[in-house]
Peer 1: 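Take a look at this one; I'll ask things after.
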Amino acid sequence: MAQRAVVIGGGAIGAAAAYFLAADGWDVTLVERGQVGRGCSYGNACLIVPSHAHPLPQPGVVGEALRWLLHPAGPVYIRPRFDRHLVAWLWRFWRACTPAAAARAHDALVALGRFSLAQYEDLARTVACSVFFQRRGLLHVYLGPRAAEHARAEQARYAADGFPGRVLLRDELLAFEPALSPRVGAGLYLEGEAHGDSFAFTRALAEAATARGARVVTGRTAARISTRDGRVTGVRVDGARNEDVPADVVVLAAGAWSPGLAATLGLRIPMQPAKGYSCTVRPRGLAPSVPLYVIGRRVAITPLGDRLRFGGTLELAGYDERIDPRRYRAVVAAAREVLRDDLAWDHEEAWCGLRPLLPDGLPLIGRVPWVDGAIVATGHAMLGFTLAAGTGRVVADLAAGRPPAVPLEAFAVDRFGRA
């Protein structure tokens, strides 16, 4: 009889883990509190960009964030409130903003990001061949009188990280991407990056897992991970009829909802839900042909076939899934600022989602040392789609006892201690 695996979480990471486990011959059950792919995988920026695989905590980022905090429509916003968990999280975040910590985290994320991109290319040729996926690069765009200077400085930094780029001044930039406004002063084109339809990818992987015998349970909540004598035995699933799903391996990939379940394993996860926004439209007129990233605004503009998506911002407001009109309009305004004035659109869809953010900016990926059969894959922050395919493959390797293809020391699941 095949060994049994339960994956908790039906986002891109959970679906990828379920697919790779099913492909390895596991008897898989995927449990999702809502619908597969309807969380952050539904409305994210859809970028697969190892070049952006750097942690949020960086030297100098605290001062930059403090300036943004004065503006509720800025790229980063913390809703004023007293929350002891948030205070502790901010303290840990500040301590992670050192050159050594940032460099270590960057190297780990880049390695996983490159591995993940290779997995996406393989998936796009096989199980998700009908899903939108393109490797057309990423174009950074710069505004202001020092645009060219900033582009050249970033070109040197990305080249040092192994991502060579080409600086485009205004005339060359507008010839390269005619959908841009003349307000944009310069660009940096990073060739080799990719983008795809994250929602369609997630659904395709879940369907491919089902075709290999996996069971997908939606609209029901995993209440706890059951253990006995130091190993997992299953997952209690709540609903109209409570159910205990037996398991030899349990994969916790529940995103922002992971901490409570981790506590049933005795694992501490100091996580904050980081709200992000997006606007998806049907453009009428000349739209970008390559993904854009607006430097200084932290907003991505991603072409998705006949749709166009604007996505960005980071808001720490607890588990509040309401759209703040000011922050949503700031994302749209940042896109408007760099696109041609004559671009019109319709069928506008507003969205927000809660991304799982840990104070050191790194996900948790690995086995729980004191519970045999417990694997954690959560906390991917703003890089969930970029890292999903690679994380899913790593999870399957861990479950099978194979050495993972990328080092996992930086992602140690017990680095915040026990609950």
Side-chain angles (χ1 to χ4, degrees), residues 9-13 32-35 37-47 52 55-57 61-62 64-90 92-93 198-199 202 253-260 269-280 293-294 297-302 309-335 348-363 378-388:
I13 291 158
E32 163 55 37
R33 63 194 291 271
Q35 297 297 316
R38 293 293 299 193
C40 287
S41 300
Y42 182 76
N44 66 43
C46 290
L47 299 178
H52 278 219
L56 185 61
V61 76
V62 172
E64 187 179 18
L66 288 174
R67 290 192 297 273
W68 287 333
L69 292 178
L70 299 175
H71 306 283
V76 174
Y77 180 62
I78 300 177
R79 181 181 297 173
R81 66 193 191 280
F82 179 75
D83 179 340
R84 64 184 179 87
H85 298 293
L86 175 61
V87 172
W89 187 94
L90 290 170
R92 288 179 182 270
F93 180 91
S198 59
F199 179 57
T202 301
W257 287 267
S258 298
I269 300 184
M271 183 179 288
Q272 283 293 316
K275 189 188 300 184
Y277 292 80
S278 75
C279 167
T280 306
Y293 188 71
V294 187
R297 308 294 189 269
R298 297 196 174 213
V299 167
I301 303 172
T302 312
R309 178 167 294 165
F310 319 133
T313 84
L314 187 155
E315 178 183 352
L316 299 182
Y319 286 86
D320 180 356
E321 298 183 77
R322 296 172 296 180
I323 291 176
D324 182 332
R326 294 172 302 176
R327 300 192 61 73
Y328 174 75
R329 287 195 297 267
V331 171
V332 178
E348 181 173 323
E349 180 182 7
W351 175 89
C352 73
L354 303 180
R355 299 162 298 188
L357 184 59
L358 291 163
D360 60 1
L362 288 166
T378 191
H380 292 68
M382 284 65 73
L383 295 171
F385 189 46
T386 291
L387 303 177

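Computation of the quantities below employed the complete heavy-atom set of this structure, encompassing side-chain atoms and omitting hydrogens, waters and symmetry-equivalent molecules.
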Peer 1: Should Asn44 and Ser278 count as side-chain neighbours, where that means a heavy-atom distance under 4.5 Å?
Peer 2: no

Peer 1: Tell me if a side-chain donor or acceptor on Thr386 pairs with a main-chain N or O of Leu47 at a distance below 3.5 Å.
Peer 2: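 Checking the backbone N and O of Leu47 against the side chain of Thr386, a donor-acceptor pair under 3.5 Å is found.
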
Peer 1: Is Tyr42 close to Glu349 at the side-chain level, that is, under 4.5 Å between some pair of heavy atoms?
Peer 2: yes

Peer 1: Phe93 versus Gln272: any side-chain heavy-atom pair under 4.5 Å?
Peer 2: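 The answer is no; the side chains never approach within 4.5 Å.
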
Peer 1: Find out whether Ile13 and His380 are in side-chain contact, i.e. whether some heavy atom of one side chain is under 4.5 Å from a heavy atom of the other.
Peer 2: yes

Peer 1: Once rounded to the nearest 0.5 Å, what's the spacing between atom CH2 of Trp351 and atom CZ of Arg309?
Peer 2: 8.0 Å

Peer 1: Under the 3.5 angstrom rule, does the side chain of Arg355 hit a backbone N or O of Lys275 as a donor-acceptor pair?
Peer 2: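 At least one qualifying donor-acceptor pair exists.
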
Peer 1: Is any side-chain heavy atom of Tyr277 closer than 4.5 Å to a side-chain heavy atom of Glu315?
Peer 2: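 Heavy-atom side-chain distance check passes, below 4.5 Å.
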
Peer 1: Is there a donor-acceptor pair closer than 3.5 Å between any side-chain N or O of Tyr319 and the backbone N or O of Ala256?
Peer 2: yes

Peer 1: In this structure, which one of Ile323, Asp320, Thr313 forms a side chain to side chain contact (heavy atoms under 4.5 Å, CB included) with Cys352?
Peer 2: Ile323

Peer 1: Is the shortest heavy-atom distance from the side chain of Leu357 to the side chain of Met382 under 4.5 Å?
Peer 2: yes

Peer 1: Check Ser258 against Ala253 and note the closest heavy-atom contact, atom names and distance.
Peer 2: OG-C, 4.4 Å

Peer 1: Donor-acceptor pair, Arg298 side chain versus Gly312 backbone, under 3.5 Å?
Peer 2: no

Peer 1: Can you find a pair of side-chain heavy atoms, one from Phe199 and one from Arg38, that are under 4.5 Å apart?
Peer 2: yes

Peer 1: Any side-chain heavy atom of Thr378 within less than 4.5 Å of one from Met271?
Peer 2: yes

Peer 1: Counting distance only, does the side-chain N/O of Ser198 pair as donor-acceptor with the main-chain N or O of Ser41 below 3.5 Å?
Peer 2: yes

Peer 1: Taking all heavy atoms of Trp89 and all of Pro270, pick out the closest pair and write down the distance.
Peer 2: CD1-O, 3.2 Å

